[in-house]
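Step one of this worksheet: look at the structure below.
Atoms within a ligand are numbered from 1 in the order they appear, just like the ligands themselves.
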Amino acid sequence: MSLSRGRSHLATPGPSIIPERVLNAMHRPAPNIYEKEITDITESILSDLAKFASTTGEVVIYIANGHGVWEASLVNLFSRGERIVVISNGVFGLEWASLAQKLQLNVTLLDFGFHKPLNLDNLSELLRNDTSGSVKGVLCVQADTSSSVLNDIKEIKKTISDNGHNAMLIVDSIACFACDRIEMDDWGVDVLLTACQKGLMTPPGLSYCFVGERALAESQKKQNVSPYWDWKPRINPTVFYQRFFGTAPTHHLYGQREALDMILEEGRDNIFQRHEILAKSVWAAVEHWSKEGPITLNVPQEKHRSRSVTTLRADGYDLSELRSWLKNNTGLELGPPLGFAEEKFLHGKSVCRIAHMGHLNPFMIQGIISTIELGLVVCNIPHKAGGSEKASQTIISG
Ligand SMILES: *Cc1c(COP(=O)(O)O)cnc(C)c1O
């Protein structure tokens, strides 16, 4: 018999939990897209997002998923044959590099695997040896959603500057925007990317490029950018429809506006702190389980973990059984593995992910943790009992 009736919880890292308020805001008739309401909502979304990213730069909005802004950032800045460096700590870094290759950019991949952030010495050496300044851009995923590895963006910028190198820094914050801290201008990010379906709590379909001064100037030199992705008319529209190069995504805008209202009500610092506490409580539970048996956090060092998602492993054990038991019997759905194709990870089956991005509170985290623990018992996966108590202690101590 299954007990899974009732409210279910999808803990896959994107799309994240959509608040009722966001859903309700979208539930209305179509507006007239030629009237001021939609123009005003769009402008307010762009300006609130810029504030959240801590930038005085421009914000470009696309009707697209994250892959759309991956492509947009590259076609607006680089031409065929130009050299870029892609830092990778998981599937998303590798996929972004592969997209750049399809655009016929000359990609140097710095691949650090799936368990640790980049080694700054490797980047430094590469840039130091690039005496001709051939590297035009350094691309980095802030938090790779497959591995849950977090990179230190500020240090990457410092490494570029310390080597007297001119490469632009382009950062994918799609998974961790509004979860892990970002200070775009302060940290020296030239282009920042995000999308609406993770920390921004809105159904997939909107994505954003934040464009700093230097990147804007670079892009203005570039002709023949494919018209849909060209950000120049979107940044300086002479008529409103150029913001989207066509019909505005009306209901997504209502949803995103409502989500940003919730974000403003909570406050930026509180949002970062809540994600920190919730992430730490998940880590405390997993670390406790790991004291007896195969379960382990994929990223050993706390400072290298994102607060938006946690990848855990049980090497040699098949967690796909755990995931399907949880889904079919309890209403909890964990994130499937991405990557980890090696035999020792049972081609990914010994890996799963817990999303803790966006609309989440201790009640939900406690539900996730204690329900997983129930699954571990039923599926006979050895672990030290009592993980959810560790999670609560972390919430209390903050
Ligand atoms: C989700 C995600 C993407 C891609 O987003 P899509 O909307 O699926 O195209 C890119 N990068 C990171 C780090 C992500 O988490």
Side-chain angles (χ1 to χ4, degrees), residues 10-18 49 53 60-75 86-100 102-103 109 111-115 117-118 138-153 156 169-182 184 189 191-210 228-229 249 252 255-256 259 275 279 298-299 304-311 334-340 351-358 360:
L10 183 65
T12 62
S16 64
I17 304 290
I18 304 168
L49 284 172
V60 192
I61 182 168
Y62 291 95
I63 302 176
N65 59 19
H67 284 67
V69 283
W70 272 355
E71 181 156 342
S73 62
L74 300 180
V75 298
V86 183
I87 294 163
S88 173
N89 321 85
V91 165
F92 290 87
L94 297 174
E95 287 293 314
W96 199 8
S98 136
L99 185 148
K102 287 178 188 152
L103 292 169
L109 182 66
D111 185 353
F112 298 94
F114 275 67
H115 314 285
L118 87 156
V138 173
L139 277 54
C140 179
V141 177
Q142 189 181 4
D144 199 298
T145 328
S146 60
S147 61
S148 62
V149 169
L150 178 75
N151 284 305
D152 188 334
I153 300 303
I156 295 174
L169 176 59
I170 301 154
V171 175
D172 165 346
S173 279
I174 297 173
C176 63
F177 192 83
C179 308
D180 290 307
R181 188 171 282 280
I182 185 77
M184 177 170 164
V189 176
V191 175
L192 183 75
L193 310 178
T194 196
C196 68
Q197 77 269 29
K198 294 178 184 172
L200 291 174
M201 306 182 287
T202 302
L206 297 179
S207 51
Y208 306 95
C209 290
F210 300 73
Y228 189 80
W229 297 115
H252 272 83
Q256 183 68 96
H275 279 88
N298 182 52
V299 182
H304 299 152
R305 292 178 205 145
S306 171
R307 292 134 188 110
S308 63
V309 57
T310 293
T311 303
L334 295 180
L338 276 182
F340 297 92
V351 178
C352 73
R353 295 174 300 152
I354 305 170
H356 33 87
M357 48 177 65
L360 236 74

With heavy atoms and a 4.0 Å threshold, my read on which part of N65 contacts ligand 1 is both

One finds that the ligand 1 atoms under 4.0 Å from a non-hydrogen atom of W70 are 10 (C), 11 (N)

| said: Can a donor-acceptor pair be found, under 3.5 Å and without considering hydrogens, that links the side chain of D172 to the backbone of L193? | reply: no

Ranking D172, N89, V91 by closest non-hydrogen atom to atom 11 (N) of ligand 1, top hit is D172

Quiz item: For S147 and N89, does a side-chain donor sit closer than 3.5 Å to a side-chain acceptor?
Solution: no

Take the angle between the ring planes of F340 and F114 and call it parallel below 30°, perpendicular above 60°, tilted in between. perpendicular

Q142 side-chain N/O to A175 backbone N/O, donor-acceptor pair under 3.5 Å: no

min-distance protein heavy atom vs atom 6 (P) of ligand 1 -> G66 N, 3.3 Å

Taking every heavy atom of W229 against every heavy atom of A72, the minimum-distance pair comes out as CE3-CB, 3.8 Å

Ranking E71, M357, Q197, K198 by closest non-hydrogen atom to atom 7 (O) of ligand 1, top hit is Q197

shortest atom 15 (O) of ligand 1-to-protein heavy-atom contact is with T145 OG1, 2.3 Å

Here the pair of heavy atoms bringing P13 nearest to R353 is CG-NH1, 3.2 Å

So the atoms of ligand 1 within less than 4.0 Å of a heavy atom of A143 turn out to be 13 (C)

Can you tell me if C176 has a non-hydrogen atom under 4.0 Å from ligand 1? no

Atom 8 (O) of ligand 1 has as its nearest protein heavy atom H67 ND1, 4.0 Å

- Task: Take Q256 and Y208, measure what side chain to side chain donor-acceptor pair (under 3.5 Å) needs, and give me the verdict at the end.
- Result: CA-CA 12 Å; Q256 183 68 96; Y208 306 95; 2.9 Å; yes

